[in-house]
Each structure stands twice: as structure tokens, then as C-alpha cells.
Amino acid sequence: MEYSLVCHNLYAFSFSPVKNKLFLLGIMFLLWAYMLYSCVGYCATMPSLVVDNYRGKETGSVVGKRIENNGRVDLMSRLLPRPQPWVDIESDYDEPSVRTSSRDLLNNDIDAYRGAEDWDEMRGEGQRAPEPGAMSSFSNGSGSKKLPQAIIIGVKKGGTRALLEFLRVHPDIRAVGAEPHFFDRNYENGLEWYRELMPKTLEGQITMEKTPSYFVTREAPARISAMSRDTKLIVVVRDPVTRAISDYTQTLSKNPDIPTFESLTFKNRTTGLIDTSWSAIQIGIYAKHLDNWLQYFPMGQILFVSGERLISDPAGELGRVQDFLGLKRIITDKHFYFNQTKGFPCLKKAEGSSKPHCLGKTKGRTHPNIHPEVVQRLRDFYRPFNMKFYQMTGHNFGWD
């Protein structure tokens, strides 16, 4: 009897509703305390994990600098991007050979330029994809990569690097620093490969690239048109005689043993027959190259920038380019000063920098002395092509 009474009391106590609730609350409290303890330990490691993971994905980008302040780390300084330093990149591809084989000028062989090297490649960096320029990608993940809406397609030694670097000051322009050479050398890689080379842009910003060899590549117009018929094209042109001498000067600086400019210019010096198979000469026959582009693009989608005016009046030429791209005229005279030593305009503040900057040391090379007779022969040779080019573009560049 006593045993039954004790069991009954224990049974009633163990299954009391009040006791059950207290028991469950105790278990929940212990679980909550354990989860809070685990979360505190995990969250303490989160910043380094986030940054390390980001760095693993974004090779070459600047994530942030660790700043010590009284022994504490400023987390925001680690996560926010900093402007990248200005990097000089040689604008023009090298001459693949002193002479190219004779061929019809309207059927320029793209292989004549395949052996050319960009400045990045000369520095041993040719195996990696061109990186976006300073401030042209967003390390916080905003924006998206788009195919370019505007391309500087030429011409070599015309001033394309200067134009691109000046344009990159504009907040609504994002451009690739190095030359992608997609439409002449890397077309087989596909448009998605090309898109990945582009910097990230926000809504309303323009993606750009420049590769001067496109202008003389026969396949380039059709390929760009296939990508987008609305692509805006910019051509920087320069007196073809001066351009040819500058082209030769660049090649000479890398290969001092090449023949003289005079011997390369003529097939026969006595008869004065110009050797149009030499790429330094044929690039300057702008009218014939332009014919190829007009098969795919209307003249209204092509802007011709004067290389001479880009030096004498950079703000004026940049104003025309900004209008052509449908952008507000933000780049003005206040952005430039003229460097008397180099003979070129320089930026008072380069993109991603608070310091003045001029183009690299390769700009403004001293040209070799060319015999006046050779220069005159070349001017006579180019004159009819220049006249045709003036008619086609509706602009007299004053090269004669």
C-alpha cells in the first residue's frame, strides 16, 4: 500500500504540467546559449574570410589596405576599394616585320599583324587577359560587364593612346587599359571571352576599348557589325607622312639594325616607285581602308579625330568625342597643361590619381632625319588618297 502511494506521488510529480514547461524552457535556454556562443566565435572570423575569399576571386584588384589604429583594425578600410595607381601602357603594337609581302591594299592580310606585341606582352605579361584600367572595375561587385558600345579602331601612331587616356577621365567612360586585339587576333575565342575582358559598368556608363590595328584588318568591320551594328567607331588620323616616319621610329627603337627609312620606302629609288607593301606606307592610305568600313557602317557612326589637333587643342577634340558619344562635356581645358619638354599635352590629374601625368617615355621620340626629297615624294604619293579621304569624311585635315 505504501509502495503504491509513493509511486503515485512520483508519477504525478514527474508529469506535472508546470514542471514540464520549466524543463523545456531550461533545455531551450541551454540551446540558445550554445548557439550564441558558436555564432560569436564564427562571426569573429568573418571579415578575414570575406576578404580572403574576395581576393581569391578578384586577381589583381585592390581590395583595401589594413590600417592599424591603436591596435584595432579599421574594417571599412579593408573592404572599400582604393583607386589603382596610374600605369603607363604602350599604345601601339610593334611592327611584325620590316616588310610585308606585296598584296592588294584592299585585301590586307590580318596575319601581317599577328606577330605584333603589345607593351604588356613585352613586359612578360602577354599570357594574362588585359586588366581593366584604374577605377574601371568595382571591387564591391556592383555593375556588370558589357560588350563595348564604342571602339577606337585606329590608326597606329595616330594618337590613340592619348585619346583613350584623356577619355578615361570622364566618369561615364570605362575602358580596357591594354589592347584586346579581339577582332583581329583573338576572334576565335568568342564574344563571352571578349566580354570578360571588359570593365564593369553601371547604367548609363559607356564601355570602350581601343586596338589601332582594327582599321587595317579586312575582317574587322564585318566582325564588329556582327557584334552590334550600333557600335560607335573612332579613328584618330594623322598626316600619313609623319605617321609613317613615326611608325619607322618605333620599329627602329626596338631593332636598330633595320634598313634606312629611304630604302624601305621605295621599290626603286631611281624611278621613285613607292613600296606600298610596307605596312608603314599602306596604313596611311586611309581612303582605301575606310572603303571597307563603309560597307558595314554608315559614316554617321564613325568619328575622325585629328591627331594634330589632339596635341594642339586636346580639349577641343575631346569635346567633339564627348558629343559623339552622347556624353556631357566634362573634360575641358582645365584638365590639361602642355609639357614643353615632351611636346605633348598632359593631364593635370590622371584617372585614379591626384597628381599630374604625361604619357610614357616612348611618346615624343626624336624622329630620324629623312631626306627632304623622300618626304616630298611621299607627299606627292599620298596627295590623291588624302583628297579622296577629305571628300569621304567631309573634313579637310590640312596635310597638304
Side-chain angles (χ1 to χ4, degrees), residues 91-96 100-101 103-118 121 129-130 146-161 163-164 175-176 178-198 206-238 240 243 247 276-277 279-305 307 324-325 385 389 392-393:
S91 63
D92 302 311
Y93 53 90
D94 289 338
E95 184 66 44
T100 58
S101 59
R103 57 187 177 272
D104 183 81
L105 293 177
L106 289 179
N107 293 285
N108 290 298
D109 189 350
I110 190 173
D111 290 333
Y113 302 98
R114 288 188 183 275
E117 295 178 338
D118 290 329
E121 294 171 336
K146 301 180 180 68
L147 294 170
Q149 297 100 331
I151 304 176
I152 301 174
I153 60 173
V155 298
K156 179 185 178 185
K157 306 310 297 179
T160 58
R161 170 56 54 186
L163 177 61
L164 184 68
V176 180
E179 296 170 4
H181 283 280
F182 175 66
F183 295 105
D184 57 354
R185 301 183 201 166
N186 298 304
Y187 193 66
E188 66 279 2
N189 290 334
L191 284 174
E192 285 308 308
W193 178 89
Y194 184 48
R195 188 199 304 271
E196 281 302 306
L197 302 184
M198 298 300 119
I206 292 177
T207 303
M208 290 189 67
E209 72 114 316
K210 77 104 178 172
T211 304
S213 55
Y214 290 164
F215 188 65
V216 296
T217 299
R218 189 168 183 238
E219 297 86 352
R223 290 171 174 177
I224 295 177
S225 178
M227 177 187 72
S228 173
R229 295 182 179 180
D230 297 326
T231 306
K232 293 187 176 182
L233 309 173
I234 301 174
V235 187
V236 188
V237 289
R238 182 183 181 187
R243 197 221 65 81
D247 197 336
T276 56
S277 68
S279 64
I281 298 296
Q282 66 173 259
I283 289 174
I285 308 176
Y286 304 139
K288 287 194 174 183
H289 301 306
L290 181 57
D291 264 337
N292 190 30
W293 288 90
L294 294 180
Q295 305 302 312
Y296 298 90
F297 291 93
M299 188 65 78
Q301 272 179 243
I302 308 175
L303 178 69
F304 297 90
V305 175
F324 175 70
L325 296 175
F385 297 110
F389 187 64
M392 297 170 74
T393 61

ask   = Do Phe304 and Phe389 make the cut of ring centroids closer than 6.0 angstrom?
value =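 Ring-ring flag for Phe304/Phe389: true, centres closer than 6.0 Å.
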
ask   = For Glu192, what residues pass the side-chain hydrogen bond (donor to acceptor under 3.5 Å, both in side chains) criterion, not counting sequence neighbours?
value =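 In terms of side-chain hydrogen bond (donor to acceptor under 3.5 Å, both in side chains), with neighbours along the sequence ignored, Glu192 is linked to Arg195.
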
Rounded to the nearest 0.5 Å, what separation is found between the [atom1] atom of [X] and the [atom2] atom of [Y]?
| X | Y | atom1 | atom2 | result |
| --- | --- | --- | --- | --- |
| Ile302 | Thr393 | CD1 | OG1 | 10.5 Å |
| Thr217 | His289 | OG1 | NE2 | 9.5 Å |
| Asn186 | Trp193 | CG | CH2 | 4.0 Å |
| Leu164 | Ile152 | CG | CD1 | 5.0 Å |
| Asp184 | Ile153 | CG | CD1 | 12.0 Å |

For the residue pair [X] and [Y], establish whether any side-chain heavy-atom pair is separated by less than 4.5 Å.
| X | Y | result |
| --- | --- | --- |
| Val176 | Met198 | yes |
| Pro148 | Thr231 | no |
| Leu233 | Ile224 | yes |

Exercise: identify the closest heavy-atom pair between [X] and [Y]:
| X | Y | answer |
| --- | --- | --- |
| Val155 | Val235 | CG1-CG1, 4.1 Å |
| Ala150 | Leu325 | CB-CD2, 3.7 Å |
| Val236 | Gly158 | CG1-O, 3.3 Å |
| Arg243 | Tyr286 | CD-OH, 3.6 Å |
| Pro240 | Gly284 | CB-O, 3.6 Å |
| Phe324 | Gln301 | CZ-O, 3.3 Å |

ask   = Tyr187: what forms a ring pair (Phe, Tyr, Trp, His ring centres under 6.0 Å) with it, not counting sequence neighbours?
value =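 Once residues adjacent in sequence are excluded, the partners of Tyr187 under the ring pair (Phe, Tyr, Trp, His ring centres under 6.0 Å) criterion are Phe182.
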
request  = Please list, chain by chain and in numerical order, all residues satisfying ring pair (Phe, Tyr, Trp, His ring centres under 6.0 Å) with Phe297, sequence neighbours excluded.
outcome  =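 So Phe297 forms no ring pair (Phe, Tyr, Trp, His ring centres under 6.0 Å) with any residue.
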
message = Checking side-chain polar atoms at under 3.5 Å, does Lys210 have a donor or acceptor matched by the opposite partner on Thr160?
response =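 Present: a donor and an acceptor within the cut-off.
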
request  = List the steps and the verdict of side-chain contact (heavy atoms from CB on, under 4.5 Å) for Met299 and Leu290.
outcome  = CA-CA 10 Å; Met299 188 65 78; Leu290 181 57; 4.0 Å; yes

query = Given Tyr194 and Leu147, is the side-chain contact (heavy atoms from CB on, under 4.5 Å) satisfied, shown in steps?
reply = CA-CA 7 Å; Tyr194 184 48; Leu147 294 170; 3.7 Å; yes

ask   = Mind checking what makes side-chain contact (heavy atoms from CB on, under 4.5 Å) contact with Tyr296, not counting sequence neighbours?
value =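 Here the qualifying residues are Pro221, Ala222, Ser225, Asn292.
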
inquiry  = For Leu191 and Met227: C-alpha separation, side-chain torsions, deciding distance, then whether side-chain contact (heavy atoms from CB on, under 4.5 Å) applies.
reply    = CA-CA 8 Å; Leu191 284 174; Met227 177 187 72; 4.0 Å; yes

inquiry  = Test of understanding: with salt bridge (charged side-chain N to carboxylate O under 4.0 Å, His left out), list the residues that count as partners of Arg238, not counting sequence neighbours.
reply    =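 With sequence neighbours excluded, Arg238 shows a salt bridge (charged side-chain N to carboxylate O under 4.0 Å, His left out) to no residue whatsoever.
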
inquiry  = Test of understanding: with salt bridge (charged side-chain N to carboxylate O under 4.0 Å, His left out), list the residues that count as partners of Arg229, not counting sequence neighbours.
reply    =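 Salt bridge (charged side-chain N to carboxylate O under 4.0 Å, His left out) list for Arg229, sorted by chain: empty.
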
key: side-chain contact (heavy atoms from CB on, under 4.5 Å) assessment of Met392 paired with Asp291   = CA-CA 9 Å; Met392 297 170 74; Asp291 264 337; 3.5 Å; yes

message = When you measure from the side chain of Gln149 to the backbone of Thr207, do you find a donor-acceptor pair of N or O atoms at a distance under 3.5 Å?
response =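 The answer is yes, because a donor-acceptor pair under 3.5 Å joins these two groups.
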
inquiry  = Consider side-chain hydrogen bond (donor to acceptor under 3.5 Å, both in side chains). Of Arg185, His181, Lys156, which one does Ser213 pass it with?
reply    =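 So the option named by the test is His181.
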
